[in-house]
Structures are given as structure tokens and as C-alpha cells.
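Read the numbers this way: they start at 1 and go in the same order the structure lists the ligands and their atoms.
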Amino acid sequence: MNNTDNTLFEPYTLGDLELPNRIVMAPLTRARASQPGDIPSDMNARYYAQRASAGLIISEATQVSQQGQGYAYTPGIYTPEQVAGWRKVTDAVHDAGGRMHAQLWHVGRISHPQLQPNGDLPVAPSALKPEGSQVFISAESGMVDIPTPRALEADELPDIAEQFRRGAENAREAGFDGIQIHAANGYLLDQFIKSGTNHRTDEYGGSVENRLRFLMMVVEAVKQVWPTSRIGIRVSPTGSFGSIYDDDPLSTFRALARKVQQAGLAYIEVVEDSFQGNHENGRPESVIEAIREEFSGSYIGNGAYSRDEAIERINGGRCDLASFGRPIIANPDLVERFSRNAALNEWDHSTFYGGDERGYTDYPTLEETQ
Ligand code: FNR
């Protein structure tokens, strides 16, 4: 591998958006929206603006409805107050020279009645309990077990696609440069895609074609608002976060990539294994290859990438861009550090979710450490 290769640091056109480099800030839930109302705040705006040198920022997952919420203090994108809060964030990012997509989120079964409208049960493709998964519902209750969800009726699905469409519209009003559909990490869309969580016998379950039907309904809904050049999708073909699995990720995600190709979306971001980049067995190369074969748009690789592995995989054509999660939490100036091959700050896991400026906006830049 050639450490002097500059591809990672060269401009790249994503859809029709000009990025100054190929380093993407991965979507990162930080559970610091202001309360009540799950509204993005000035503090959130500062945090994102600090990271504006990334080629593209993808926002933390933002729920498209109250039903789509699964954890306390995550921001929403369905009330006027939330939209105004996001506008402060995108203004701060743009003023700092950055670009930002909103990650649109519905958690499906990964929730709890305490977070749901009217204390209802969370919803899912099938009434299957996510064994072993928990959610954080409040400072008082902390992490709690998830109940068995209610299976959605087929005639409720257009309403949820409409929640995504409104989220897309609100993202435009809030000044985002585009949107990412969150179809990864065991949440609602992933629950429909994967055979382990989708036991439906109607046209939304069974065959791969059927399991992809709801996702494509959501894609069509957001296409009413955004040109395809500004729409991406995130998937995690072999991830198990959220107690999820698929019997045949290779076939499922080959078919998905083909559909996303037909729909003309700008990019697919792939979590190349588990939620926190754990890939003892290596990256799922055959699945990655299948997606690359079927999809001619941009491919963003994610999951425990180092600077050097990003350079190597981009140069080798395995991905077009690389996204970074934990490293950019701890290094607001990640691009600068990577370009100088400088040392990185370590992340503090204890401040990932919830809290104040500590472990959020107070990680020093290289300049500040020197
Ligand atoms: C995440 N991840 C994540 N993924 C996603 O699609 N939406 C989200 O909101 C979040 N939130 C989130 C919060 C925190 C604190 C972590 C650590 C992770 C997953 C994340 O985007 C990424 O896939 C993993 O962190 C692996 O990449 P890194 O950290 O190894 O670069």
C-alpha cells in the first residue's frame, strides 16, 4: 500500500454534490437533543460545525415520527420546532464550509411503549421480540427490555412511507443537502428486508422481492421530494445489531442493490459488518462485490476503517468513499489529522450517548493539543 496516495483527500462528486474529499462522517446517535420535544440545539449545531471539513456529514438518525422513536433524547424531524432546530445545524455546517445529509429513521420494533404515541406497542413486520436487545427510555429508567411488537397491517405501510416523505420534505425545509434512508442496524426497514425478522405471508414477506417491497415504497415516497442525486441509503447486510439476521445476505443484498440501481439513488453506504465495526471474520467481501456489481452509483464503506485501510480500499476499487464513526466523534479535525497522518484522540465510550458538551464538543483539534 502506498501511504502517499492522495485519493482519499481528493474531491469527489457524490450524485451532483461536490465533496472536497472522500471522508464521510458516519451517522452517529448522540442522544443530546434538547427537551422537551427532541429538538436539535445550538450545542448540536456546534458539534456538527466542528466536523464540517468532512467531505460529507450524515446526521445522526432522526426519527420521522414519534412511532419511529426508540431511544430517549434522539432528535426528530416531524415537528416545526425540530425543523427549526435542524435549520440551525445545517446553517452552522454550511457556514463552516460543510455539506450534510439527514438520516431518516424509523426504529420499528426497537422501542418501548413509554416512547410510543398513547403508550402503544412498537410496530414491526412480524410480532417477534428482539431477544437480548434493550433500549434507553429515560434517565430514570435507563436501559430496559423491549416487548414483543405488534405486527403492522399492510394498509398501515403507506402511512409509514408518508412519514418518510414528510421527513424528506422537512429535511429540505431544514436546509439539508440531501437525505439518507436508514435501512441498516436492525431498525424498521432492515426488519422488513431480513428473513429473520420478517415472517409475513402477504406481499411484504416471504420472497426477497416481497421483503424489499416496503423499502422501495419508502424510496418512491422520498423521490417525490428529492432528486435521486441527493438520496442515499444505508444498509448492514451481515450486521446482527438489533437481534437481526438474514438467511442469505448475498442474495438479499444483491437484489437490493439491483432495486436501488433501478431507482437511481446516488449512493449506498454499507456497514461492512457489525454495528461497531466488529469483523473478526473479515469484511463480507462477497456481499460487497455483489453490491458493487449491481449498483453503479457511489459506494461508501463503513466499519472500523483506519486511514490506511480507507486509502487501500479506495485505491483498490472496493469503495469510493469511506465513512468514519467513532474516530470522528473523538477527532473533529479528522480530515486534517488523516492528511498529515497525525495521531488521533481516543474516543470515550462513556460519553457516546446523552449528556452535555463533555465528550461531545470538547475533543481538541491537533492545533489545540500542540
Ligand atoms: C452508531 N452507528 C449508527 N448508525 C446509524 O446508521 N445511525 C446512527 O444514528 C448510529 N448511531 C451510532 C452511535 C454511536 C455512538 C456509534 C458508536 C455508532 C453506527 C456507526 O454509524 C458506524 O457504523 C459504526 O460506529 C462503525 O464505524 P466506526 O465507528 O468503526 O468508524
Any N or O on [X] sitting closer than 3.5 Å to an N or O of ligand 1?
X	value
Gln103	yes
Phe324	no
Arg326	yes
Asn185	yes

- Counting from 1, what ligand 1 atoms have a heavy atom of Ala26 closer than 4.0 Å?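 Once the distances to Ala26 are compared, the set is 21 (O).
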- With atoms numbered from 1 as shown, which atoms in ligand 1 lie under 4.0 angstrom from a non-hydrogen atom of Ala61?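 Close to Ala61: 9 (O).
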- Item | Pair Phe214 and Phe192, ring centroids less than 6.0 Å apart |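 Yes - the distance between ring centres of Phe214 and Phe192 falls below the 6.0 Å cut-off.
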- Message: Measuring centre to centre across the rings, with the benzene-like ring taken for any Trp, is Phe338 within less than 6.0 Å of Phe324?
- Response: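 Distance test on ring centres: under 6.0 Å, yes.
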- Taking the minimum heavy-atom distance to atom 20 (C) of ligand 1, which of Gly325, Ser306, Pro27, Ala304 ranks first?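 Among Gly325, Ser306, Pro27, Ala304, the closest heavy atom to atom 20 (C) of ligand 1 belongs to Pro27.
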- Query: Which is closest to atom 23 (O) of ligand 1 by heavy-atom distance: Asn302, Thr351, Val271?
  - Reply: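 Checking each option, the heavy atom nearest atom 23 (O) of ligand 1 is found in Asn302.
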Testing the 3.5 Å rule here: is there a donor-acceptor pair between the side chains of [X] and [Y]?
X	Y	value
Arg211	Asn198	no
Ser298	Asp320	no
Thr365	Glu336	no

- Query: Does NZ or CZ of Arg234 come closer than 6.0 Å to the centre of the six-membered ring of Tyr267, within 45° of the ring's axis?
  - Reply: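 Output no; distance or angle outside limits.
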- Query: For Trp105, is the nearest heavy atom under 4.0 Å from an atom of ligand 1?
  - Reply: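 The answer is no: ligand 1 sits nowhere under 4.0 Å from a heavy atom of Trp105.
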Side chain, backbone, both or neither: which part of [X] has a heavy atom under 4.0 Å from ligand 1?
X	value
Thr29	both
His182	side chain
Ala184	neither

- Query: More than 12 heavy atoms of other residues, nucleotides or ligands under 6.0 Å from CD of Glu346: is that the case?
  - Reply: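 No.
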- Check: Gln67 and Gln116 side chains under 4.5 Å, non-hydrogen atoms: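 Yes - at least one pair of side-chain heavy atoms lies under 4.5 Å apart.
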